[in-house]
Amino acid sequence: MNQKHPKGLPILFFTEMWERFSFYGMRAILVLYLTKETMGENPGMGWSNTDALVLYGWYTMLVYVFSIPGGIIADRWLGQKKTVFLGGLLIAAGQLTLVVDSLATFYTGLMLIISGVGCLKPNISTMVGGLYKAGDPRRDAGFTIFYIGINIGAAAAPLIVGYIGEVYGWHYGFGLAGIGMLLGQGVYLWGQKFLKEVGNFIPMEKVEGSKTNKPLTKIEKDRVIVLLISFVIVIVFWGAYEQAGGLMNIYTKEKINRMVFGFEIPASLFQSVPAFFVIIFGTAVASFWLKRNKLGKETSSLFKMAIGIMVMGTGFLMMSGATLEAADGGKAMLIWLILSYLLQVIGELSLSPVALSFITKLAPVKYASIMMGIYFAATGLGNKLAGLVGEFAQSAGEFEVFTGIFIFCLLFGLLLLLFFKKLKELTHGAEEVSA
Ligand code: GLN
């Protein structure tokens, strides 16, 4: 991890950190704002819980699904670098539109943010890959560092934007998220000198080894197939993991004993815990895999993803433990929740940054951005799936759902371990590192 990285990496790190600050800040207060009554201090929209959760579900899905048009814009017209800038502008415009208190500005603001994240998020991730040549052994570590940046933004935002939004006024919270994004744009503009070589538009006819309409080679096709299969893994992963904002959040509020030294920690604060764990354990997990690699043991991305999904799933077994403890109507110990998030994050670190890096290794150059777009769209579907699973828990019971997630993830991971060698063959050595 302590190798030198390209100068462009800190620029992309800080830009994405501020974008995530803006995104997670908004996410932290959206449902609270929607459900707050329309009268009294700091009024909200007065929606029912159900209506608010439905909008929340659509919003968190669409921000990622719009990565597909974002990827197409980059591949066809603008290149990734300019599309990221356009995305940042749209997000900042969206957040600042939300500062104005009206239904029309509310929906306009959300649409602007959705389009903006769609332009920015996949393309900035592809640019990280672009900083490294094929076979560069620093690529995975680069993505882990980038992922830590994401989570610094994600950890700080619910605390800062959440506090300002709830205490001083929702619209100040939205404004602050907008200012965060503008800071990100500032970093990005300033750092252009370090990004000269990366994310530029390449006209189709200039893409290495291709003529305009030349079909993909057999190797490229195989690689696209593996990528598409890995997107199924991603849907399952985020479908389980993204319980954090919904079911786990409500469970924490209602059934976890949050008293520490005589002080009751608000449930919303726990939303920052996974992001803090990513920051703390990010390099350790990456180093663990690197060490294994040096020992000549299996460390292909697909293998890591299989292990990641099983470890993350085990986190839900901790929640089953909590439900058993609270079965008599009492509250469960906090340690269950903390252990659950810890295992979920260790799993996340073996899958999420790895998947980003994997896509940049496998995607054919002319589809580089769109493949990343489809990846994020898959995470969007995962988010929606998570909402449905969370809703199901209301009728099926929490113990059943938490345990069900654990068993499903375990079996899914085992199935992947059974087939990963076959899938690896389809990558045609794209992961071989030329040190
Ligand atoms: N937590 C990561 C981020 O915010 C991953 C999100 C996702 O892929 N759904 O970038």
Keeping to residues at least two apart or across chains, list the ring pair (Phe, Tyr, Trp, His ring centres under 6.0 Å) pairs with something in residues 114-150. His5-Tyr132
Quick test of your reading: applying side-chain hydrogen bond (donor to acceptor under 3.5 Å, both in side chains), list the pairs with at least one residue in residues 224-238, sequence neighbours left out, ordered by first then second residue. none
Could you tell me whether Glu425 and Arg223 have a side-chain N and a carboxylate O separated by less than 4.0 Å? no
Side chains of residues 398-408: which donor-acceptor partners sit under 3.5 Å, not counting sequence neighbours?
residue: Glu398; atom: OE1; partner: Lys255; partner atom: NZ; Å: 3.0
residue: Glu398; atom: OE2; partner: Lys255; partner atom: NZ; Å: 3.4
residue: Thr403; atom: OG1; partner: Ser320; partner atom: OG; Å: 2.9
residue: Thr403; atom: OG1; partner: Phe399; partner atom: O; Å: 2.6

Sequence neighbours left out, what passes ring pair (Phe, Tyr, Trp, His ring centres under 6.0 Å) with Phe281? Give chain and number order. Phe277
Looking just at side-chain N and O atoms, do Ser350 and Glu348 make a donor-acceptor pair shorter than 3.5 Å? no
What side-chain donor-acceptor pairs closer than 3.5 Å can you find for residues 61-71, not counting sequence neighbours?
residue: Tyr64; atom: OH; partner: Arg20; partner atom: NH1; Å: 3.0
residue: Ser67; atom: OG; partner: Tyr64; partner atom: O; Å: 2.9

Using the salt bridge (charged side-chain N to carboxylate O under 4.0 Å, His left out) criterion, which residues pair with Arg138? Sequence neighbours excluded. Asp136
Can you tell me how far NZ of Lys294 sits from CH2 of Trp289, rounded to the nearest 0.5 angstrom? 15.5 Å
For Lys384, salt bridge (charged side-chain N to carboxylate O under 4.0 Å, His left out) partners two or more places apart: none
Presence of salt bridge, Lys121 and Glu16, under 4.0 angstrom: yes
Can you tell if the side chain of Leu343 reaches within under 4.5 Å of the side chain of Met318, non-hydrogen atoms only? yes
So which heavy atom on Gly199 is nearest to which on Met127, and how close? CA-CG, 4.1 Å
Looking at side-chain heavy atoms only, is the closest gap between Ile152 and Ile279 below 4.5 Å? yes
For residues 412-422, which residue pairs qualify under side-chain hydrogen bond (donor to acceptor under 3.5 Å, both in side chains), counting only residues two or more places apart or in two chains? none
Closest non-hydrogen contact found for Met310 with Gly413 is CG-CA, 3.6 Å
Under a plain distance cut-off of 3.5 Å, with no hydrogens placed, do Arg139 and Thr360 share a side-chain donor-acceptor pair? yes
Between the CD1 atom in Ile335 and the OG atom in Ser340, the distance rounded to the nearest 0.5 Å is 11.0 Å
Going by salt bridge (charged side-chain N to carboxylate O under 4.0 Å, His left out), name the pairs with one or both residues in residues 189-199, residues two or more places apart or in two chains. none
All side-chain hydrogen bond (donor to acceptor under 3.5 Å, both in side chains) counterparts of Thr427, not counting sequence neighbours: none
Parallel under 30°, tilted from 30 to 60°, perpendicular over 60°: which one fits the rings of Trp18 and Phe21? perpendicular
Could you tell me if the side chain of Leu302 sits less than 4.5 Å from the side chain of Phe358, heavy atoms only? yes
Side-chain donor-acceptor pairs of residues 80-91 under 3.5 Å, sequence neighbours excluded:
residue: Gln80; atom: NE2; partner: Ser369; partner atom: OG; Å: 3.0
residue: Lys81; atom: NZ; partner: Leu195; partner atom: O; Å: 2.7
residue: Lys81; atom: NZ; partner: Val198; partner atom: O; Å: 3.4
residue: Lys81; atom: NZ; partner: Asn200; partner atom: OD1; Å: 3.0
residue: Thr83; atom: OG1; partner: Gly79; partner atom: O; Å: 2.5

Compute the ring centroids of Phe174 and Tyr33, then answer whether they are less than 6.0 Å apart. yes
Taking salt bridge (charged side-chain N to carboxylate O under 4.0 Å, His left out) as the test, write out the residues that go with Glu220, two or more places apart. none
Quick one: which of Tyr56, Trp170, Trp47 gives a side chain to side chain contact (heavy atoms under 4.5 Å, CB included) with Leu34? Trp47
